[in-house]
Amino acid sequence: MESMFYMIWRGIAIGFMISAPMGPVGILCIQRTLNRGRRAGFFTGIGAALSDLIYCLLTGFGLSFIEEGLRQNQIWIQLFGSLVLFAFSIYLFRKKPDAAFNSTDHQPPSVKKNILGGFLFTFSNPLILFLIVGLFARFNFVLPDMKWHHYLLGFLFILVGAVGWWWIVTYAVDKVRGRFSLRTMTIINRIIGVIVFLFALVGTVSAIIDL
């Protein structure tokens, strides 16, 4: 029982801390919550959480191999991720918010599309594995005396922690969503687009310098 409790609280902590840094996927969740409602933002976060879980599983079961492969291809991975961010920043800057974003009777968002979008957006940045490696080491998540069912529980609560984070974020953003007009949403889209563009620019410049 003590070992199970050990894995539960560490899993929740790791899930929270993987999701908490407000990177591009966090900005995407906020943007979708503001434009399309909380369901769209939350399901985008679920997609991101599933991607994080896969990376956690890969890290837990193939730590040394994955880390070596990332180190060898880090520059090209960073460049690819930056290109994805460039494309998304241009899309956001040019996008006009839905005229019914603050309506209560519009069609519900596509669950599958939002989950898939969040998943692919997060999965396109495998450098998150370095964060996961650090968190696993910090919380002593991988221990030789733990059994398979302990790890199963731990990975399950990593997902619970990550989903819990996105539930909190989308709940908070949705509370202020109704106060924005279409003009305000257009400005917010462009601001977010510029922020994502800067993320991409920093990543590209860093990769070019390393080359």
[X] versus [Y]: any side-chain heavy-atom pair under 4.5 Å?
X	Y	answer
R36	N114	yes
I54	F119	yes
S19	V25	no
I158	D52	no
Y151	M7	yes
L28	T44	yes

Which atom names give the shortest non-hydrogen contact between [X] and [Y], and what distance separates them?
X	Y	answer
G26	W166	CA-CH2, 3.6 Å
R32	G117	NH1-CA, 4.3 Å
C29	G45	SG-N, 3.5 Å

Before giving the answer on side chain to side chain contact (heavy atoms under 4.5 Å, CB included), spell out for C56 and F136 the whole-Å C-alpha distance, their side-chain angles and the decisive distance to 0.1 Å. CA-CA 9 Å; C56 285; F136 276 21; 4.0 Å; yes
Anything under 3.5 Å between a donor and an acceptor, one on a side chain of residues 10-17, the other on a protein residue two or more places apart or in another chain? List them.
{"residue": "R10", "atom": "NE", "partner": "Y6", "partner atom": "OH", "Å": "3.2"}
{"residue": "R10", "atom": "NE", "partner": "F139", "partner atom": "O", "Å": "2.7"}

Flag for R38-T33: side-chain donor and acceptor within less than 3.5 Å: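 There is no such pair (donor and acceptor under 3.5 Å, judged by atom type) between the side chains of T33 and R38.
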So how far is it from [X] [atom1] to [Y] [atom2], rounded to the nearest 0.5 Å?
X	Y	atom1	atom2	result
L116	I46	CG	CD1	13.5 Å
I115	S51	CD1	OG	13.0 Å
F5	L153	CZ	CG	11.5 Å

Would you say T170's side chain and F42's backbone share a donor-acceptor pair under 3.5 angstrom? no
Tell me if a side-chain donor or acceptor on Y55 pairs with a main-chain N or O of F123 at a distance below 3.5 Å. yes
Under the salt bridge (Lys or Arg N to Asp or Glu O under 4.0 Å) rule, what pairs show up with a residue in residues 119-128, not counting sequence neighbours?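 Pairs touching residues 119-128 that pass the test: none.
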